[in-house]
Every structure is written in structure tokens, then in C-alpha cells.
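Values reported hereafter were calculated over all heavy atoms of this structure, with side chains retained and with hydrogens, waters and symmetry mates removed. Since the model is a prediction, treat every value here as computed from it, not as a measurement. Below, chain A is the first sequence line, B the second, and so on; all start at residue 1.
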Amino acid sequence: MRKKNWLLVALVLVLSSFLAACSGGSDSSGGDGGSGSGDSASGSANGEQVFNLTESTDIPSMDPQVSTDTAGSQWISETYEGLYRMKDGEISEGIAKGEPEVSEDALTWTFNLRDNAKWSNGEAVTAHDFVYGWQRAVDPETKSEYGPYMMGGVIKNAEAIATGEKDVSELGVKADGDYKLVVELEKPVPYFESLTAFTTFFPVNQKFVEEQGDKFALEADTMISNGPFKMTEWNHGSSFKFVKNEDYWDADTVQLEEINVEVVKDLATGVNLYDTGEIDRTPLSSEFVNQKINDPGFATYLEAGPWYLKLNQERNGEDTPLANINARKAIAQAIDKKGLVDVVLNNGSTEINGLIPAGFYSSEDGQDFREASGDYLTYDVDAAKESWEKAKEELGTEEVTVEILTGDTTTSTQMVDYFQEQLESNLEGLTVKTLKVPFQQRLELDTAEDYDIEVAGWNPDYVDPYTFLSLFETEGENNHMNYSSEAYDTAVERSVNENALDPEARWNDALEAEKILMEDAAIAPIYQDGRSYLISPKLQNVYKNQTGARWEYKWAYADNAAAENAQ
Amino acid sequence: MARYIGQRLIYMVITLFLIATISFILMKFLPGTPLSAADKLSPEQREIILESYGLNDPIPVQYGKYLIGLVQGDLGISFQFDNRPVTSILGEGIPASAQLGIQALLLGTILGVALGLLSAVYHNGFTDYASTVVAVLGTSIPSFIFAGVMQYFIAVKLGWLPVAFWDGFEYTILPTIALAIFPLATCARFVRTEMIEVLNQDYITTARAKGLTGTTVVFKHGIRNALIPLITVLGPLAVSLLTGTLVIEQIFSVPGIGQQFVSSVVTNDFPVIMGTTLFFAVVFIAMILIIDILYGIIDPRIRISGGK
């Protein structure tokens, strides 16, 4: 039709490749939390005490017992307070005063509550609020997903109540007067204090919840707070606002006056908003890392999220090639993890040679678990080839085909292509097929154990190796890969039963369990999740947590002078 | 005419019913559950929660319940946003999406028609080539690229307009332009072709022969005839805006229903998926009806069946 079409096409191609480079991508894998560090003790609060932040989604629920996601967990933790509060990964004081009294069998825990804690409507926060909140979490009527998950097998009768076999009044939590909470557990739970800093365990005021009925926590004016901040505006789908809660028992500590949060789904938009100074922090995807790495606000944080390949040993009633231990070892050692994190991921992730992530859990004397446990299944092509030859001999075949199941995001796709290339070129006779599906479908295939290899990761719910180790017990709800080791099960269970009250013995149990898991090459550890951000120097004393609320603002303040100096 | 519209309304209801049925069935084929922590619950716990949401009922029962609610104007409760009625989620998103869509459609068609006419009148001249370049770029470069570039240069580098959000008229300008590019380019190309054809018609030659000035010929005899076919493309264009908003809303953080639709599909939020699908369907069907009626009004040669 037009003679000069080719010229236009060329122009468009050039233009669009240039545009693609500057508009960047918006892979949604990041942006839903992360961890910050209150790395600066210098400086002081000056200027307006206001933070302007973003979330990648609206808050699905501000109901502590119903919430399941990172945005909800973040803001419920700022507006409510449980028995304890996490500060920089450590347990700090909350509504409970001091340490709990623990009975000799470790099954009865008594918490003394402070008598000066108030709800934002002026009523006192009492032990009854905790009892009601916890009962509500396991009451089938509430339809809470995290209630049964977090409390089942932990608090006495929680499981039976959640399945409707017992009445909520039989839950192992009682108020002894207004300011004493007595909790009975199913079994000794050494990490119980850290659990109580999680939203599911937060108190709610019975009178208020019942008054609001279906409307509870749906709007800023249908909720009350007992935490450092309270929500004053909630424009669904676009923004929300928190201001300092003057009724908070420790209001003197809180310096921040206001937190404005806007919903920004697109990462490129977030960067543009940061560059114009409208927001104080934004997550970065790998495309932006190279561009922004010299920005004074550039920061990366390591998350407590290990990623690994699940090696399924039995699919549809038949052994997969991965039932062979040498085949598993070969696959685990044939992937160059460093290349993956540096080139493909490029977002602050690091390679991992074990299950328990670095910086997550440490011994009584301060040694990090990852360091103590050492490296397993490191990248070693020669060892991989040797194991592979043995595996082929034992399997009696020269040609092996396996399928890798993964998600359908850009990162997952790039990652699985990388695995395919590495495995096929390092292991002769191995054919790797890939299956990229949406998250929900991956979950279904995982539950049905209908895959050979799956790229999977896990985020911890409380600070204890058990949150990861329990995944691969024979009866573990998330095993789904037909791994079963008696020695492993024994070590893991011992750490929460016989040895529950002996930190040193538990530490050794966890080390032993990880060693067994790795020597069996039950999973192939790949990398520990990292996140990159641009963070304004204005944000000071924002603490980082690995569980629950990823960022803690109770102690935070704005140093506007620092922000100006940086420009 | 009234009878015709009445008939069409009945068809509309039937169409909607079919769309509701088909989407409902398709949705049931989506893998997974709407539970957000499904991977953490034991199978028994999962069943209890699904049961309490009525998701374990046979599909015909679920469908029946859904239809009864629908007739009563109840679209159900969202799974993703616990306890929030779908009607209020849609209600919050529609104003922004509608404003954005209407502004973009107006801007796109008005500028597009102007550009198309200019090209046709100055056929094969500089104006024609320039507007052709604009049109080709506009149809071939996806709107999200324009959006990204404008956001970077106009908002970040020049600081003339806000980067994102939805807080007043100046916030609507960039997303409107980004969304208007496609209808603008489409209209321009379409009008140009039509206008050139019309200007070569015998009656135009006659008009010129009678001694009418160029402007009168173009405005009085040309435009009216060239614009009639444009109405046909306006419907699909308006619909393409609906899908265009999905991306544009995300880039400019506009709290509309487009971005809501995407996240509801990803999280298996069945009631919200149904609600948004039906809303889009209603808009689409209404658009087709309006265009058919307009046709009859603008061009008397087209007779609507049933109309007398």
C-alpha cells in the first residue's frame, strides 16, 4: 500500500527496542515485602516525620485472623500488637511484660500483660482480647486459613476445633484475670514466643468485632488499633494512610507521625516515582539493578527464602529416575548456581548450598546456622559426571528424560531455561523437558505429585529451622516428592519433642537433619532469594524481619537533612 | 424504533445469560482453589474451608445459586479481598476506568478524524505523509510503550505532569493520551481512506463543477459521507479501550477495574472474575446497540429490521 513501509518498520523497530530498554520490565516476583535494615545509628529525626511508601497490591484483609499475605501482615503488625513484636529479627516486648513463665513440661505458658495498653477507642487491652482473637482464628466460622495452619498442633485442641469436633471454648488459652494469659500447648514449642508476634495471634476486641459484624476491618473506620500506628484512610485499590497512635502504650518511642502508602504495581513506575521524590522506597527488578547500582539509595537484602529443586522419586505410582540417589546427586551438582544468581537473577540473590538460609537462625553463642552447617551439594561438574555415570549404570539405560515444572513468570522461565541448558550440557544422555504453568496449576501438580523436578521455594513463618525441616518429613504436608528417611524424621522430631527445651541439643538435631537431607540429595539447593531496592536516606531505623512484617516502623524516623545531602 | 430497541434489549439479556453461563463453566476449569494459603493447609483443612464457601457443592447447584444472586443484583463476596462485596469492588473501580476510557475515546476520535481529513484533503502532500507516519506508529507501537516513554520524559525529566496516581484532572492527562493513541491512529487511517474515496465520487465532481468552493465541498458534502463508516469501527475501538486500560491502569497506578480484573484471575477470585466479565460484557453489548441505532439515524439508507 505505502512505498516507504520498510522505512517505517525499521524506524519502529529501532524506536521500540530503545523504548523497551528504558521502560524496563515489571516482573511481579519482587515487590511484595523484603527486609530493611536499620543500619544507621547516626543522624536524628528532623523535618516532617512522614514516610511515603508503596505496596504492589491493595491490602487483601486488615483482619488479623484472616490475613495471609505480606501486605496484610505488614500493616496489621503496625496497627496491632501481639504478646511480642519482632525487632531486627529478634523478639522484643509487646503487650506481654517480660519473659513468660514456662511450666516444667513446657506445655503451659503464662504471660503477664501490661496494664497500661489501650485500644485506640480508649478501652484496655486485656487477656480476654487474646482469648477471643485466638478462638476466632480456629473457629471454622471465621474461615481463617492461617488459624488452623499456625495454631494446629501447637495450641491445645486447635486442630479439633478447626475441624468442628470441639467447641472453641475448649481451646488451650484462658484469661486468669484481666492481665494474665495462660496458654496450654499440644507439645513443647520452643519457638512459641516468635509465633505470638504473627498476626494470627494478635488480640481483637470482642465487643468491637461483634458490633461491626460483617464490616469488621473492611474500612479504616471499622477497625481499632493497639499498635504504634492506626489506619486513618483506606482508598481501596489506590492508597492508605497510617498515623501515629497516641493511645499506644509505648507511644513515646514512636517518632514517625505519618505513613502514606500508594499501590504501585508496575516496577518502572515505582522507579520513576522514586526519581521524582514522590516515594521514599521502591523495589527493583534485575533490569533496573545495572542501571541503578550506583544510586546512593541502592540497597540489596537477603531474604530468608531458600529456592531449590524438588526431586520427585515416584510419579503416578512408578519410580522416576530420581529415585536413584546418584541421579539426584548428579543433578544437584551439575548446575552453576553462581552463574544463575549473577547473570540470570541479578537482584541480590546468592547461591545456597543447604536448606536453611543464611542470616535466619543462630546458635546461643551467635553462630549462623548456614555457616555452622557448611556447604553441601556444591557446583562440581566432575563429581556430577561421575555420579551420573553410576546412575545410568544402575538404571540400566543411557538415555534419561526428566521434566522440570516451574512457574510462568519471566524470572521462572529464564531460570528453567538456564537449568535445562546446564543439565543437558553437563550430563550426557540427559534430556530435559520444561513445563511452565501458572502458580495455581503448579500447586495442583505438586499436590498430585505429578512432576519429576519442580522449582520451589519456601518462606518461613517463625524463626526456627523447624519451619523448613518439617517440610520434608515423610508425613510432611509439603513433602509431595516421596522422600522418606527414618533418620531424618527422627532428628527433626527430636528437636521439637525430647530436646525441645535444650537449645544446644536442638541445634545439633537441626544440623544433623540438614546433613541427612543433603547427603540423600533429597532436594537440590539453588539460591537464597535477594531483593534490591532504592531507599531514600531519609528512612532511618527501619528494622528488618524475616517473618511476619518485613519492615518494622515502630522505631523509625525521618532524617530529611540526610535526604537533602544525598541529592 | 421503540419496538426494535425492545427486541434488542431482550436479545441483550439472553446474550448476557449465555455469557454468564459460559464464563461460569470456563471458570470452574481454572486449576487450583481461591485459597491464598492452599499450600500450607492439610487436605482436610482445605476441604472444610472450601465447604464453608459452598465450593464443594455440585457445579449446577453453585451455578443456580449464582444466577439467583445475579438476578437480585448480588454478585457475591470476593475471596481475594475478604468479606468485601463484589459490587462495591466494581463500584470503586468503574468511575476511574470510565473517565479514562471516555476521555481517551473523545480525544482519539476527534484528533484522529481531524488528522484523517487533513491527509485526505492534502492527499500525497507533506501533511499526508506526516499523518501516515503518526498513524502507522500509533497502530504498531503498543500503548504501554508510549505510556512508559511519556512517563519518563514528560513526568520524570520535564516534570510537567504527575508520574502516576489519580488525584485530579492533571493526573488523567498522560494515561488518557497513552490510551488515545490507538483510536487516534485507527480513526486517522480510516477517515483518510474513506475521505479520499468520497472525494473521488461523481457527486463531488458535480459539486465542484457547479462552482462550490473547496471548503464547502469538503465540509458540506465530503465529511458527512466519509464519517458514516467510522461509526462501525467506533464500537470495536471502544472495546479495545477496555482491554487497553488493563495495562495503562497498571502503569499509571489508576485504581480502575482493569487491573482488578487481572489480579482476580491470578488469584482465582471467582466472584470478582464473574463480576468484571459481566460488566465488560454489558458495556460491549450496549455499545453495539448504540452503534446500530446511530446507524439508522445518521444514514437513512440503512433500515433497521423491525423499524417502520
Side-chain angles (χ1 to χ4, degrees), chain A residues 2 4-5 8-9 11-12 15-16 19-20 22-24 26 57-58 60-61 63 66-69 140-141 143-146 148-149 152 162-164 214-218 235-239 262-266 268-269 272-273 275-276 278 437-441 443-444 446-447 461 477-478, chain B residues 30-33 35-46 48-49 52-53 78 80-84 88-89 92-93 96 129 132-133 136-137 140-142 144-149 151-152 155-156 159 162-166 249-257 259-260 263 266-268:
Chain A
R2 227 144 297 288
K4 302 228 165 102
N5 259 354
L8 289 175
V9 171
L11 184 67
V12 168
L15 190 61
S16 53
L19 299 179
C22 72
S23 82
S26 57
T57 63
D58 192 1
S61 174
D63 182 332
V66 171
S67 166
T68 54
D69 72 304
E141 284 280 296
K143 297 177 186 144
S144 167
E145 292 174 46
Y146 261 53
Y149 168 64
T163 51
D214 280 353
K215 303 267 181 300
F216 173 65
L218 290 191
N235 304 308
H236 292 281
S238 67
S239 64
E262 301 271 358
V263 177
V264 174
K265 295 185 187 231
D266 192 88
T269 307
N272 287 338
L273 287 166
D275 283 344
T276 54
E278 280 175 73
V437 299
F439 176 72
Q440 291 285 349
Q441 197 175 347
L443 217 57
E444 284 218 330
D446 175 83
T447 312
D461 295 300
E477 300 289 2
N478 290 283
Chain B
L30 282 177
T33 66
L35 303 186
S36 43
D39 55 337
K40 303 198 162 179
L41 293 172
S42 70
E44 301 80 49
Q45 292 166 342
R46 225 176 296 175
I48 290 168
I49 296 176
S52 68
Y53 280 123
S78 165
Q80 182 194 356
F81 297 101
D82 294 276
N83 267 332
R84 289 174 48 72
S88 79
I89 293 178
E92 282 151 9
Y129 291 131
T132 308
V133 170
V136 172
L137 289 181
S140 48
I141 300 181
F144 67 86
I145 297 210
F146 279 113
V149 170
Q151 191 181 57
Y152 186 70
V156 179
V163 175
F165 308 137
W166 197 253
E249 282 178 9
Q250 176 146 338
I251 294 178
F252 291 101
S253 293
V254 177
I257 52 170
Q259 38 117 356
Q260 192 52 256
S263 60
V266 175
T267 53
N268 277 351

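Contact of the A/Lys265 side chain with the B/Ser263 side chain is registered, since non-hydrogen atoms from C-beta on lie closer than 4.5 Å. Within the 4.5 Å cutoff, side-chain heavy atoms of A/Glu278 are placed close to those of B/Val163. Within the 4.5 Å cutoff, the side chain of B/Lys40 has no heavy atoms near those of the A/Thr68 side chain.
Scored by the side chain to side chain donor-acceptor pair (under 3.5 Å) test, B/Asn83 finds no partners at all (sequence neighbours excluded).
Of the inter-residue distances, the one linking B/Leu30 atom CG with A/Gln441 atom CD reads 9.5 Å to the nearest 0.5 angstrom. Going from atom CG of B/Asp82 over to atom CZ of A/Phe216 covers 12.0 Å, rounded to the nearest 0.5 Å. A distance of 10.5 Å separates CG in A/Asn272 from CD1 in B/Ile251, rounded to the nearest 0.5 Å. Considering CD of B/Glu249 and OG of A/Ser238, their distance stands at 11.5 Å, rounded to 0.5 Å. Annotation: the span from B/Glu92 atom CD to A/Asp58 atom CG amounts to 8.5 Å, rounded to 0.5 Å. In this structure, CD on A/Glu145 lies 12.5 Å from CD1 on B/Ile48, to the nearest 0.5 angstrom.
Only the side chain of A/Glu444 comes within contact range of chain B, judged by heavy atoms closer than 4.5 Å. With a 4.5 angstrom heavy-atom cutoff, A/Pro438 does not touch chain B via any of its atoms. Only the backbone of A/Ser144 comes within less than 4.5 Å of a heavy atom in chain B; its side chain stays farther off. In this structure, chain A has heavy atoms under 4.5 Å from both the backbone and the side chain of B/Gln259. Looking at B/Gln80, only its backbone comes within 4.5 Å of chain A, counting heavy atoms on both sides. Heavy atoms closer than 4.5 Å to chain A are found nowhere in B/Val254, neither backbone nor side chain. Only the backbone of A/Val263 has a heavy atom closer than 4.5 Å to any heavy atom of chain B. When heavy atoms are compared at a cutoff of 4.5 Å, A/Thr163 approaches chain B by way of both its backbone and its side chain. Contacts of A/Tyr146 with chain B are made by side-chain atoms alone, with heavy-atom separations under 4.5 Å and no backbone atom involved. In this structure, chain B has a heavy atom under 4.5 Å from the side chain of A/Asp461, while its backbone stays farther away. Looking at B/Ala147, there are no atoms closer than 4.5 Å to chain A (heavy atoms on both sides), in backbone or side chain.
For the pair A/Asp266 and B/Gln250, the tightest heavy-atom approach, listed with the atom from each and the gap, is CB-O, 3.8 Å.
In terms of non-hydrogen atom pairs under 4.5 Å with chain B, the most contact-rich of A/Asp275, A/Leu273, A/Val264, A/Leu443 is A/Leu273. No other option in A/Asp214, A/Thr269, A/Asn235, A/Val66 has as many heavy-atom pairs under 4.5 Å with chain B as A/Thr269.
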